[in-house]
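As structure tokens, the structure follows; a few thoughts come after it.
Quick caveat, the model's predicted, so the values are computed rather than measured. Counting starts at 1 for both ligands and their atoms, in listed order. Values below: all heavy atoms of this structure, side chains included; hydrogens, waters and symmetry mates excluded.
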Amino acid sequence: MNDSAVKQRLFNFSAGPATIPLSVLEEVREELLCYPGAGASVMEISHRSKIFTEIAADAETTLRTLLEVPEDYSVLFLQGGSALQFSMVPANLLRGTGKTAQYLVTGSWSKKAIVEAKKEGEVLAAFDGGESNFCGLPASDSISVPDESAYLYYCSNETIQGVQFEVEPVCPSSVPLVCDASSDFLSRRLDISKYGLLYACAQKNAGPAGVTVVIMRKDLLQRGEDSLPGYLNYRNHDQADSMWNTPPTFAVYMLGKIAHWLQDDVGGLEAIEKVNESKASLLYQAIDSSDGFYRGHANPNCRSKMNVTFNLPSDELQAKFVSEASANRLDSLKGHRSVGGIRASIYNAMPYEGAQALASFMENFAADNA
Ligand SMILES: *Cc1c(COP(=O)(O)O)cnc(C)c1O
């Protein structure tokens, strides 16, 4: 990237597609016209070529290493975003089982997921935070899930409301735990063995839009009925090493680069977890020390370390905040249209300095406008 393009880059607090590490973008730029040894761009070569097969295998290996994915789990690279997983999960794990799937409805994304699940079979909301405007989460031991349930579904981080589970909900060992981890994937350590299936679209924390990672216990691959549309059956993707049809090659390539950045430059998930905690605490401190000028949306015990959501005393001040922040190179802070307010998304690639700049802007803005 020439210097002037780099200088034009803002601190980008977009919720997704979201900021990507500059060093990764620079590497990609370097390889864009000709991938080393390929004689063409990575976008221009067959997904079945030796070079691309190695790129995909390396992306998978790096993810497996980062997350310490156990051997008996399959890692799939799919398309259709997380929204397609709202349907694929119940199509494979609920349809035809005669069982009931349990859902924790904790915000906009799990609310959308349960709508799709109901099309596939019997579904119950074991928790519904709708009445409290999705500002809180169930205590992990307060959920009762019958042993014979098809699965327990939850969203580890509700991107729109900014509420995040600190630990997995308690679930009987006979019931697979299914998680939409789209917006906190790779942001912290995770014990994959607790999950039956975990998925994440890449465009929040793991790459550009276009690829969705599914990590699932291999025995669950057997649940999908043969009558499912081919693309919707996880088994097909597993058997074909995620090349049942053309995968989103460029997105997979970038996912691999970002996984390497995390592993080689940042030093792994434990290291990024610490950075993420310190970034989030800067912003929550700015909220808590504002004498009520900023009001956090999430209850303090379930505040997201990825999406910090808060309100100002009036809509006018909110609009002023967004536009003055923007003039200070702090971009995309407007909250989601469904909840309003301000949302600062501080994914892995947001540098500590970005969170610092926002926290100090918040202090100044409160002092000038309170
Ligand atoms: C963004 C997001 C989704 C939707 O992802 P798409 O790729 O747009 O389908 C689902 N769940 C969560 C938690 C998200 O953050």
Side-chain angles (χ1 to χ4, degrees), residues 12-20 76-91 103-117 119 125 127-130 134-135 137 151-166 168-169 177-188 190 195 197-216 231-232 237 242 247-248 250-252 254-255 258 276 280 297-298 302-309 332 334-339 343-350:
N12 173 10
F13 294 92
S14 169
T19 185
I20 287 174
L76 307 175
F77 296 141
L78 306 183
Q79 303 197 55
S82 289
L84 186 59
Q85 295 310 307
F86 297 168
S87 300
M88 273 179 82
V89 165
Y103 276 66
L104 305 184
V105 182
T106 55
S108 303
W109 292 119
S110 48
K111 197 173 159 191
K112 286 196 170 171
I114 196 173
V115 169
E116 298 306 317
K119 298 174 183 173
F127 173 86
D128 189 339
F134 297 126
C135 63
L137 296 173
Y151 57 86
L152 170 63
Y153 179 104
Y154 81 113
C155 174
S156 52
N157 183 64
E158 286 282 0
T159 323
I160 291 175
Q161 281 76 17
V163 294
Q164 183 177 28
F165 281 86
E166 184 144 6
E168 293 84 358
L177 183 63
V178 174
C179 179
D180 174 359
S182 296
S183 52
D184 62 4
F185 187 57
L186 302 180
S187 73
R188 57 181 177 182
L190 212 58
Y195 296 86
L197 186 155
L198 177 139
Y199 69 86
C201 53
Q203 73 270 20
K204 313 297 166 69
N205 212 18
V211 61
T212 299
V213 179
V214 174
I215 302 175
M216 67 188 290
Y231 192 89
L232 300 190
H237 297 287
S242 296
F250 189 72
V252 169
M254 282 198 67
L255 177 80
I258 285 168
N276 287 334
H297 174 80
C302 52
R303 286 172 158 177
S304 168
K305 297 189 172 85
M306 295 280 102
N307 312 96
V308 178
T309 50
S332 299
K334 199 168 186 296
H336 190 270
R337 61 190 186 281
S338 66
V339 296
R343 171 172 55 169
S345 298
I346 45 173
Y347 300 121
N348 289 352
M350 171 58 65

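Interface of Asn157 with ligand 1, defined as ligand atoms under 4.0 Å from a residue heavy atom, comprises 13 (C). Residue Phe86 has at least one heavy-atom neighbour below 4.0 Å for each of these atoms of ligand 1: 10 (C). Those atoms of ligand 1 that come under 4.0 Å of a heavy atom in Cys155, given as number and element, are 13 (C). When each atom of ligand 1 is checked for a heavy atom of Cys201 under 4.0 Å away, the hits are 5 (O), 7 (O). Shown in contact with Gly81 at under 4.0 Å from a heavy atom are these atoms of ligand 1, numbered in order with element: 7 (O), 9 (O).
With a 4.0 Å cut-off on non-hydrogen atoms, Gln203 touches ligand 1 through its side chain and not its backbone. Using a 4.0 Å cut-off between heavy atoms, Thr212 makes no contact with ligand 1 at all. When heavy-atom distances to ligand 1 are checked against a 4.0 Å cut-off, Lys204 comes that close only through its side chain, counted from C-beta outward. Contacts between Ala209 and ligand 1 below 4.0 angstrom, taking non-hydrogen atoms only, are absent altogether. For Phe185, no heavy-atom contact with ligand 1 is shorter than 4.0 Å.
Counting protein heavy atoms only, atom 6 (P) of ligand 1 is closest to Ser82 N, 3.6 Å. Looking at atom 11 (N) of ligand 1, its nearest protein heavy atom turns out to be Asp180 OD2, 2.6 Å.
Under the 30°/60° scheme for interplanar angles, the aromatic rings of Tyr195 and Tyr154 are found to lie parallel.
One finds the CD atom of Glu158 at 10.0 Å from the CG atom of Leu104 (value rounded to the nearest 0.5 Å). One distance of note links CZ of Phe13 with OG of Ser332; it measures 9.5 Å at 0.5 Å rounding.
In terms of polar-atom proximity, Thr159 is counted as a contact of ligand 1, with an N or O under 3.5 Å from an N or O of the ligand. At least one N/O-N/O distance between Ala83 and ligand 1 falls below 3.5 Å.
Taking the six-membered ring for Trp and the full ring otherwise, the centers of His237 and Phe77 sit at least 6.0 Å from each other.
What you find for Ala251 and Ala209 is that their closest heavy atoms are CB-O, 4.0 Å.
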- Message: side-chain contact (heavy atoms from CB on, under 4.5 Å), that's the test. Do Gln85 and Leu78 meet it? Break it down for me.
- Response: CA-CA 9 Å; Gln85 295 310 307; Leu78 306 183; 3.7 Å; yes
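Paired with Gln161 under the rule side chain to side chain contact (heavy atoms under 4.5 Å, CB included), one option of Val339, Leu137, Thr106 passes, and it is Val339.
Panel note: side chain Ser82, backbone Cys201; a donor-acceptor pair is recorded below 3.5 Å.
Side-chain contact annotation: Ser187 with Asn205, donor-acceptor N/O pair under 3.5 Å absent.
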